[in-house]
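Residue numbering restarts at 1 for every chain, and letters A, B, ... go by the order of the sequence lines.
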There are 2 protein chains.
Amino acid sequence: MPATPTTLTTLTTLDEATPAALHPVLRPLPPLTAAGARLLDAASELFYERGVRAVGVDLIADTAGTTKKTLYDRFGSKDALVALYLLRRAHRWREFLLARLADAPAAGPDRAGSPDGTRVLLVFDALEAWMGGQRRGCAFVNAYAELGGTDHPAVPVVRAEKAWMRALFDVLTGDAGLGAHVHLLYEGTLVVLTAGAGATAAVDARRAVEVALAG
Amino acid sequence: MPATPTTLTTLTTLDEATPAALHPVLRPLPPLTAAGARLLDAASELFYERGVRAVGVDLIADTAGTTKKTLYDRFGSKDALVALYLLRRAHRWREFLLARLADAPAAGPDRAGSPDGTRVLLVFDALEAWMGGQRRGCAFVNAYAELGGTDHPAVPVVRAEKAWMRALFDVLTGDAGLGAHVHLLYEGTLVVLTAGAGATAAVDARRAVEVALAG
DNA sequence: CTGCGAGTATACCGACCGGTGTGGTTACGT
DNA sequence: ACGTAACCACACCGGTCGGTATACTCGCAG
């Protein structure tokens, strides 16, 4: 029984998928001052590329062209900055994804025999475009790997993001079992794209999704 | 094109799955002195539970009831100790898994219509037994999350482990496409078991594997 | 008896960690 | 003219990081 509420599984249509209304952890982003925005930008890139614990606040402040003082005035702590980094990334990924899905024909749920290029496959297309050949994988999985055993404020953000993706696949497929199957493929694809030895993960994933939808 | 050789994909029978012969990275484990074994044991638990970067060498030496001097005399560096931790874990997981598979009927490859309880499902049973309700997930994925962007000696160990699992699924299914599908489900299951919000990952995975094998 | 590998104990190193404090400079709203 | 929020520069804090050095004890094989 997770600490965060799981009202997400009641999601039934894409229109309800505005994250803030669905999950208190996925609150709207706070406004940022000029230096604050530079700090969050610098921190986001450094955190993603090198890991959360490997990046110190001095480096963040220097990269942003500002000072530690300003960092702590704006964000209060490094932990809060980490949580905000993941929160903003989750928002941006959802916007990126929903914008692509909004252009889809999107009649009924995606099942066997639906028109080619189902919305589920669009998610995997979006994932590939989002990743763009990067080798650092899923920011949420990475952060959880570093912080999972703690009560760090970023942990519930990670769980909320994963729950939202699962709920999205449930909606797109109209079937909880199928949604779970595709969600497992989605998470597996992210891992193999990153730490896998072969380069065929993307095409493997597409074929697997097609098999799952046809089953 | 990964730096490590990928001769693993030529694996065709389970008998060839002795890791040392297959992949130079998965070399046999070096012998350990008494204090060395205590150090590696302590380091393994601490690394897995808290993450590689979050654990200092002082803590490892104290936990093992020895000193930093001995640690550096035996292992040379923290990086080498980390790589050895993952290497030993990979060996133990493979032994655990292959022992369970050796008891299976194991006629031909697992496909649709094969006897209930295929060997592929045995892998997922073994995974669940191996994890045993832990919430810290895959040690290799976690380590890669912390070290992936570097040239740390543990990185090739992680890639070799993932490549070996992929090759194993290819052998068990007798079909590269199907092996890829099941491997994605395997990696996804590990992630969702760990960072997922719901507790149904294990049963979801079993059902998804059955669908994949039947497809 | 000697040499040596293993282990213990402890002190030390420079670098970096997250976080705070002080003081001063802009720009803006009232 | 005044207060205030945002920002910068810089010094400082205790603690921890990975790694090294010195000196000593023990068991064992030649």
Do B:Arg206's NZ or CZ and the ring of B:Phe124 fall within the cation-pi criteria of under 6.0 Å and 45°?
no
I'd like to check the side-chain contact (heavy atoms from CB on, under 4.5 Å) partners of A:Arg53; sequence neighbours left out, ordered by chain and number.
A:Glu146, A:Leu147, B:Ala54
Any side-chain donor-acceptor pair under 3.5 Å between A:Glu95 and A:His91?
no
I want to check something: taking the side chain as every heavy atom from C-beta on, are A:Leu184 and B:Leu184 in contact at a cut-off of under 4.5 Å?
no
Applying side-chain contact (heavy atoms from CB on, under 4.5 Å), can you list everything that pairs with A:Asp204, at least two apart in sequence or on another chain?
A:Thr200, A:Arg207, B:Arg166, B:Ala180
Do B:Arg74 and B:Leu32 have side chains that approach each other closer than 4.5 Å (heavy atoms only, starting at C-beta)?
no
Whole-Å distance separating the CZ atom of A:Phe75 from the C1' atom of D:dA6:
13 Å
Here the distance between atom C1' of D:dG18 and atom CZ of B:Phe47, to the nearest Å, is 12 Å
Would you kindly give the CG-to-P distance between A:Leu32 and D:dA5, to the nearest whole Å?
18 Å
Kindly give the atom pairs (protein nitrogen or oxygen, nucleotide nitrogen or oxygen) under 3.5 Å for nucleotides 25-28 of chain D.
none

For a quick test of your reading: what N or O donor-acceptor pairs under 3.5 Å do the side chains of residues 55-62 of chain B make, sequence neighbours left out?
residue : atom : partner : partner atom : Å
B:Asp58 : OD2  : B:Lys68 : NZ           : 3.3

Integer-rounded Å distance: C:dA11 C1' and B:Tyr72 OH:
16 Å
Qualifying residues under side-chain contact (heavy atoms from CB on, under 4.5 Å), relative to A:Ala129, sequence neighbours excluded
A:Phe96, A:Arg100
Value in whole Å for how far the P atom of C:dT8 lies from CG of B:Leu71:
12 Å
Could you state the NE2-P distance from B:His152 to D:dG18, rounded to the nearest angstrom?
11 Å
Contact state string [nucleotides 7-17 of chain D, B base, S sugar-phosphate only, - no protein heavy atom under 4.0 Å]
SBB-------S
Closer than 4.0 angstrom, basic N to acidic O: yes or no for B:Lys162 and B:Glu187?
yes
Please report, rounded to the nearest Å, how far the C1' atom of C:dC17 is from the CG atom of A:Leu46.
16 Å
Tell me the interatomic distance from B:Asp79, atom CG, to D:dG18, atom P, rounded to whole angstroms.
10 Å
